[in-house]
Peer 1: 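Sharing a structure with you now.
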Amino acid sequence: MSIRRFARVLPLPVLAFVLAGPVAAQDELEAGMWTGTVIDPNGEVFDLQYDVSYVDDALVIDLIPPPEAGMSTVPTSEPMVDGGTLVFTFDIGQSISCALQHQDDGSYEGECLDSTGGAAIMTMMPPVDGGD
């Protein structure tokens, strides 16, 4: 069946969902506890958790460092997913801007840049089904 004929058979809202489905799925993060790592500009690797939630339909991401880091939870500012790219900023004494690309396995990975141009690599893995 051609796309043109397919389009005549389906109602417009259904057709829009079918054609845009994969892109739309990347524009919303699953709520829950994500896990991952940060490789800082010096090459040191740190584990990190990401508390992803929604408040009044707005995406909220809090960064949770491991206890040995001696830091408390760090809120992100204006997190959003646009076209498969998750962007947000956070402040730990300097502003850091992140742009993470959606990966085929459902994770996000990309660079975070600090105000001096230092780059870190951040990875976010989605919550595991059946976890605690």
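Nothing here was measured: the structure is a model prediction, and the numbers come from that model. Counting from 1, the numbers follow the sequence of the chain as shown.
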Peer 1: Please round to the nearest 0.5 Å and tell me the distance separating atom CD of E78 and atom CZ of F90.
Peer 2: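 Spacing of CD (E78) from CZ (F90) equals 15.0 Å.
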
Peer 1: Roughly how far, to the nearest 0.5 Å, is the OG1 atom of T73 from the CG atom of L63?
Peer 2: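 Here the rounded value is 8.5 Å.
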
Peer 1: Which heavy-atom pair separates D40 from F46 by the least distance, and what is that distance?
Peer 2: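 Shortest heavy-atom separation between D40 and F46 comes out as OD2-CE1, 3.3 Å.
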
Peer 1: What is the minimum heavy-atom distance between W34 and P127, and which atoms define it?
Peer 2: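 Scanning both residues, the minimum pair turns out to be NE1-CD, 3.4 Å.
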
Peer 1: Taking C-beta and beyond as the side chain, do M125 and Y50 meet within less than 4.5 Å on heavy atoms?
Peer 2: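 No. Closest side-chain heavy atoms not under 4.5 Å.
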
Peer 1: Could you walk me through whether S115 and Q94 satisfy the side chain to side chain donor-acceptor pair (under 3.5 Å) test, starting with their C-alpha distance in whole Å, then the side-chain angles of each, then the deciding distance to 0.1 Å, before giving a yes or no?
Peer 2: CA-CA 7 Å; S115 57; Q94 62 179 317; 3.0 Å; yes

Peer 1: Side-chain contact, heavy-atom cut-off 4.5 Å: V52 with M124?
Peer 2: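 Of all side-chain heavy-atom pairs linking M124 with V52, at least one is under 4.5 Å.
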
Peer 1: Report the residue from D62, V60, D51 that forms a side-chain contact (heavy atoms from CB on, under 4.5 Å) with P75.
Peer 2: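 One option only clears the test, and that one is D62.
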
Peer 1: Report the relative orientation of the aromatic rings in Y108 and H102; use parallel for angles under 30°, tilted for 30 to 60°, perpendicular for over 60°.
Peer 2: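 It falls in the perpendicular class, over 60°.
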
Peer 1: Is a donor on one side and an acceptor on the other found under 3.5 Å between the side chain of D82 and the backbone of T85?
Peer 2: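 Checking the backbone N and O of T85 against the side chain of D82, no donor-acceptor pair under 3.5 Å is found.
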
Peer 1: Side chains of V87 and M80: closer than 4.5 Å at any heavy-atom pair?
Peer 2: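 Yes. Closest side-chain heavy atoms under 4.5 Å.
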
Peer 1: In this structure, would I64 and M71 fall into the same cluster of hydrophobic residues linked by side-chain contacts under 4.5 Å?
Peer 2: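 As far as the 4.5 Å side-chain criterion goes, M71 and I64 are not connected within one cluster.
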
Peer 1: Below 4.5 Å, heavy atoms only, C-beta onward: do S107 and P126 meet side chain to side chain?
Peer 2: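 Heavy-atom side-chain distance check passes, below 4.5 Å.
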
Peer 1: Could you tell me the separation between the CG atom of L100 and the CG atom of L86, rounded to the nearest 0.5 Å?
Peer 2: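 The distance works out to 5.0 Å.
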
Peer 1: Atom OG1 in T116, atom CD1 in I96: separation rounded to 0.5 Å?
Peer 2: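 Separation between the atoms: 9.0 Å.
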
Peer 1: Nearest 0.5 Å, what's the CD-CD distance between E109 and Q101?
Peer 2: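 With rounding to 0.5 Å, CD (E109) is 10.0 Å from CD (Q101).
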
Peer 1: Spell out, as yes or no, whether a donor-acceptor pair under 3.5 Å connects the side chain of T76 to the backbone of I61.
Peer 2: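 Checked: pair present.
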
Peer 1: For a quick test of reading the model, state the closest non-hydrogen atom pair linking P79 to L59 and the distance between them.
Peer 2: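 Scanning both residues, the minimum pair turns out to be CG-O, 3.3 Å.
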
Peer 1: With a 4.5 Å limit on heavy-atom distance, are the side chains of V38 and I121 in contact?
Peer 2: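 Result no, sub-4.5 Å side-chain heavy-atom pair not found.
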
Peer 1: Supply the atom-to-atom distance T123 OG1 to D47 CG, rounded to the nearest 0.5 angstrom.
Peer 2: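 Between atom OG1 of T123 and atom CG of D47 there are 11.0 Å.
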
Peer 1: What are the two closest non-hydrogen atoms of A31 and S53, and how far apart are they?
Peer 2: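 Closest heavy-atom pair between A31 and S53: CB-CA, 4.4 Å.
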
Peer 1: Would you say the side chain of P65 lies within less than 4.5 Å of the side chain of L48, judging by non-hydrogen atoms?
Peer 2: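 They are in contact (side-chain heavy atoms under 4.5 Å apart), so the answer is yes.
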
